Number of protein chains: 4
Amino acid sequence: MPDPSPDSAARRTRILDAAVRVFATRGHTATRIADIAQEAGVAYGLVYHYFGSKDALLDTVFDENWATFAEVVEGVAASDRSARDKVRVVLDYALASAETYPERVQVILLEYGRRARLGQALTHAHVARVVATLRALFQGAAARGELAPGAVPEVLPVVLLGALQSVIVAMLVDREPLEAAAVRSTILSLLSVSDASPEE
Amino acid sequence: MPDPSPDSAARRTRILDAAVRVFATRGHTATRIADIAQEAGVAYGLVYHYFGSKDALLDTVFDENWATFAEVVEGVAASDRSARDKVRVVLDYALASAETYPERVQVILLEYGRRARLGQALTHAHVARVVATLRALFQGAAARGELAPGAVPEVLPVVLLGALQSVIVAMLVDREPLEAAAVRSTILSLLSVSDASPEE
Amino acid sequence: MPDPSPDSAARRTRILDAAVRVFATRGHTATRIADIAQEAGVAYGLVYHYFGSKDALLDTVFDENWATFAEVVEGVAASDRSARDKVRVVLDYALASAETYPERVQVILLEYGRRARLGQALTHAHVARVVATLRALFQGAAARGELAPGAVPEVLPVVLLGALQSVIVAMLVDREPLEAAAVRSTILSLLSVSDASPEE
Amino acid sequence: MPDPSPDSAARRTRILDAAVRVFATRGHTATRIADIAQEAGVAYGLVYHYFGSKDALLDTVFDENWATFAEVVEGVAASDRSARDKVRVVLDYALASAETYPERVQVILLEYGRRARLGQALTHAHVARVVATLRALFQGAAARGELAPGAVPEVLPVVLLGALQSVIVAMLVDREPLEAAAVRSTILSLLSVSDASPEE
DNA sequence: TATGAATGAGCTTTCATTCAT
DNA sequence: AATGAATGAAAGCTCATTCAT
């Protein structure tokens with residue numbers, strides 16, 4: 001069998017991108033394979049040729065994008081920065097992604113919610129990586145007294161992800177006029193104020 | 001037409017309660033009217049008789065429970081407490097409800113997420129009341145310097161609701177072992193530390 | 001819940017009868033539920049309301065009709081006749097049924113073939129009853145020397161059913177001009193000639 | 001165009017053999033071209049290259065194998081034996097084939113059944129040859145008084161084929177424990193008993 | 001010849017909603 | 001008010017067939 005042609009890979013990507021757009025616009029349930037195929041400009045059956053099922057397609061979108069996020073988070077966590085700066089960088093990355101690829105971010109956040117409903121969000125491999133990395137990060141910060149008093153490092157990852165989701169969805173979907181800078185500084189306030197770097 | 005008999009009201013309530021259980025267990029999409037009717041022990045058609053449609057039924061669940069929450073929040077906001085204490089009471093109420101009526105809370109939070117997807121969460125009347133009340137509360141606190149440095153009062157309600165949703169869903173559905181006390185103190189750390197009241 | 005109204009039973013029967021006609025005409029694979037619904041003059045979904053699935057519908061046709069045949073065979077076997085007469089009566093019943101209800105017979109025979117392909121023909125409850133009853137009948141005949149020399153009683157039921165199927169399908173579907181009397185006497189020749197009753 | 005290379009012929013045969021195995025295992029409807037291609041170890045499209053369509057492929061299997069059987073039957077009929085011996089040889093050939101090439105036999109018998117359903121079995125060229133040859137054979141036997149009393153020569157071919165199909169399918173698919181010798185002597189008992197040759 | 005990606009018609013099944021009783 | 005049979009639109013998935021390379 002010949003190696004996957006560039007054409008083939010391009011087709012796959014086109015379908016994946018189309019899927020992101022349609023899932024973001026309509027949500028999982030209301031999305032029809034026919035919509036994705038049309039949006040991608042390919043035949044109906046080709047979606048199944050590449051992805052096997054609607055759920056598998058959504059899983060792929062979810063996996064690939066959370067994997068990217070997990071890598072970013074892990075990279076930042078491994079870098080040589082203060083805990084506060086690490087969190088700031090992660091937040092900036094998330095907020096910037098939301099501005100640059102709103103549909104992509106929307107899908108993975110909303111699908112995160114859908115999985116939460118099924119008890120399959122925090123157990124998802126890449127999500128779990130993010131949570132674990134953040135937890136370690138916050139535990140280190142706690143040990144150095146860098147957390148706000150009362151903030152519990154084991155709870156913070158879930159709070160952070162929830163706050164991020166809520167805020168981004170509010171901005172993207174509900175068109176709530178929240179400023180990225182305000183969002184960043186608000187969430188950052190969960191970390192200790194002692195290291196009050198100039199926010200802007 | 002005669003006034004609603006007690007029987008009639010009881011039937012309606014039975015259906016509503018059954019709907020909460022089924023929606024919580026299966027989610028909106030996977031819930032079938034037949035499931036609700038069976039769970040309530042009533043005839044299929046009666047669900048339509050009382051609620052008109054599946055969506056209307058879910059709307060009713062959503063409305064009634066957010067209305068209750070909105071009233072609590074408004075009541076607390078109007079009470080004579082410090083901002084920190086008000087938020088603490090609201091948090092306690094939310095966490096206690098999640099323990100006492102997990103299915104009810106699960107439905108309104110997850111359905112909140114579904115509506116967010118459609119841009120109809122923060123614009124929902126009762127949700128908007130909660131947000132507005134919290135915003136005013138945080139704005140007052142900000143004016144009195146009671147917020148953590150960097151925390152923006154307009155952003156805080158969305159952050160708070162998102163964190164709450166995330167945390168409660170994690171506890172209820174993902175069975176993440178988070179302690180209510182830890183959750184409370186973590187979220188409370190968003191408020192200024194100056195007023196470090198004894199947490200318990 | 002009210003007992004099944006006569007209407008309801010009639011509807012069910014109408015669908016069943018329509019199914020027999022369509023299955024006989026087109027075979028299992030080529031039969032679409034839409035055809036059956038149309039033939040029965042009912043809505044599409046009603047077929048599912050009563051039978052759950054296409055296969056379950058076909059199973060019902062198969063079961064009910066083989067059950068009837070099994071009862072006839074068992075009744076005849078229990079009657080006070082010579083083995084030869086018993087077989088004659090069974091043959092007559094089968095051939096007469098094929099003339100009176102050709103579609104019904106066609107369906108159960110052809111579906112018999114389809115199940116044979118899956119190794120589920122002779123193990124089907126009612127088919128197995130027929131085979132077992134015939135086997136006992138032939139074993140008794142063998143003990144009394146009533147079988148043709150060489151005929152093995154354990155093999156005869158399968159031979160008999162195969163011959164019957166072949167002959168009836170040839171008559172019904174392939175329109176091979178075989179006479180019932182000739183068919184009967186030919187198959188009967190498997191039994192001993194000693195009891196040469198006047199065949200016509 | 002160059003004459004078919006040995007390679008080409010070998011490929012064709014490989015596909016045909018694979019088709020026999022898959023058709024035998026799954027039946028006509030459940031067989032997918034993809035299965036056959038995989039079983040044959042060739043590319044998907046090559047099946048179409050050689051056979052044009054799924055049905056044409058099955059037709060080829062059916063044709064080639066019934067042609068072989070027809071030739072055997074005709075050869076036997078033309079040979080210098082008693083009618084009883086001719087039938088015995090045909091039976092032996094069929095039963096031996098079923099043991100040696102169970103999949104091949106299974107396909108042509110079950111496909112025979114499928115065609116019967118469509119009224120296209122007895123009219124198939126090679127099947128018709130077999131039936132005609134057997135009919136002539138039985139008519140000759142009848143004229144010489146070699147048939148069991150009551151056996152009608154025009155009916156016997158169909159009875160014989162049906163019995164054979166039933167018995168072989170029972171052995172191959174339903175795993176009914178029938179002995180070849182018992183089957184042979186039972187079916188042979190349709191011929192006159194006068195010439196009771198030693199069965200073995 | 002050979003490959004396998006691409007196409008799209010067709011089918012089963014589900015289930016919200018309606019309605020006669 | 002109450003019942004549940006009846007309706008039919010909708011959508012996921014399969015797979016024979018085509019075709020560009």
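So you know, we letter chains A, B, ... as the sequences are listed, proteins then strands, and number each from 1. Just so it is clear, the structure is predicted and the values come from calculations on it, not from any experiment.
- At a threshold of 4.0 angstrom between heavy atoms, the contacts of Phe51(A) with the nucleic acid are absent.
- Straight-line distance from the CG atom of Asp35(A) to the C1' atom of dA10(F): 12 Å, rounded to whole Å.
- Counting only heavy atoms from C-beta on, Ala43(B) has its side chain closest to dT3(F) among dA6(F), dT3(E), dT3(F).
- Proximity of Arg104(A) to Asp17(A): side-chain heavy atoms (C-beta onward) are separated by under 4.5 Å at one or more points.
- Counted within 6.0 Å of OH on Tyr101(D), heavy atoms from surrounding residues, nucleotides or ligands total 12 or fewer; the atom is thus considered open.
- Base-pair partner of dA2(E): dT21(F) (Watson-Crick or G-U wobble, both distances under 3.5 Å).
- Judged by Watson-Crick or G-U wobble contacts below 3.5 Å, the nucleotide dC15(E) has dG8(F) as its partner.
- Annotation for Gln38(A): atom CD does not count as buried by contact number, only 12 or fewer foreign heavy atoms lying within 6.0 Å.
- In this structure, Ile15(B) places its CD1 atom 10 Å from C1' of dA2(F), rounding to the nearest Å.
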Could you please spell out the steps behind the side-chain contact (heavy atoms from CB on, under 4.5 Å) verdict for Val107(D) and Asn65(D)? CA-CA 9 Å; Val107(D) 170; Asn65(D) 286 284; over 6 Å; no
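- Nearer to the 5' terminus of DNA chain E, by closest-nucleotide assignment, is the contact made by Val42(D) (compared with the other of Val42(D) and Val42(A)).
- When the side-chain nitrogen and oxygen atoms of Arg11(B) are compared with OP1 and OP2 of dA2(F), one or more of them lie within a distance under 4.0 Å.
- Look at CD on Gln38(B): it is 12 Å from P on dG4(F), rounded to the nearest Å.
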Atom pairs under 3.5 Å, N or O on each side, protein against nucleotides 14-18 of chain F: can you list them with distances?
unit_1	atom_1	unit_2	atom_2	d
dC15(F)	OP2	Arg32(D)	NH1	3.2
dA16(F)	OP1	Thr31(D)	O	3.3
dA16(F)	OP1	Lys54(D)	NZ	3.1
dA16(F)	OP2	Ile33(D)	N	3.0
dA16(F)	N7	Tyr44(D)	OH	3.4
dT17(F)	OP2	Tyr48(D)	OH	3.3
dT17(F)	OP2	Lys54(D)	N	3.1
dT17(F)	O4	Tyr44(D)	OH	3.3

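- Around the OH atom of Tyr50(A), the shell of radius 6.0 Å holds more than 12 heavy atoms that belong to other residues, nucleotides or ligands.
- Put simply, the side chain of His49(B) reaches to within 4.5 Å of the side chain of Leu46(B), judged on heavy atoms.
- Under a 3.5 Å cut-off, the side chain of Asp35(C) and the backbone N or O of Thr31(C) do not form any donor-acceptor pair.
- Of the side-chain N and O atoms in Tyr50(B), none sit less than 4.0 angstrom from OP1 or OP2 of dA1(F).
- One atom, CG of Leu46(D), and another, C1' of dC19(F), lie 15 Å apart when rounded to the nearest Å.
- Regarding contacts with the backbone of dA5(E), a side-chain N or O of His49(A) is found under 4.0 angstrom from either OP1 or OP2.
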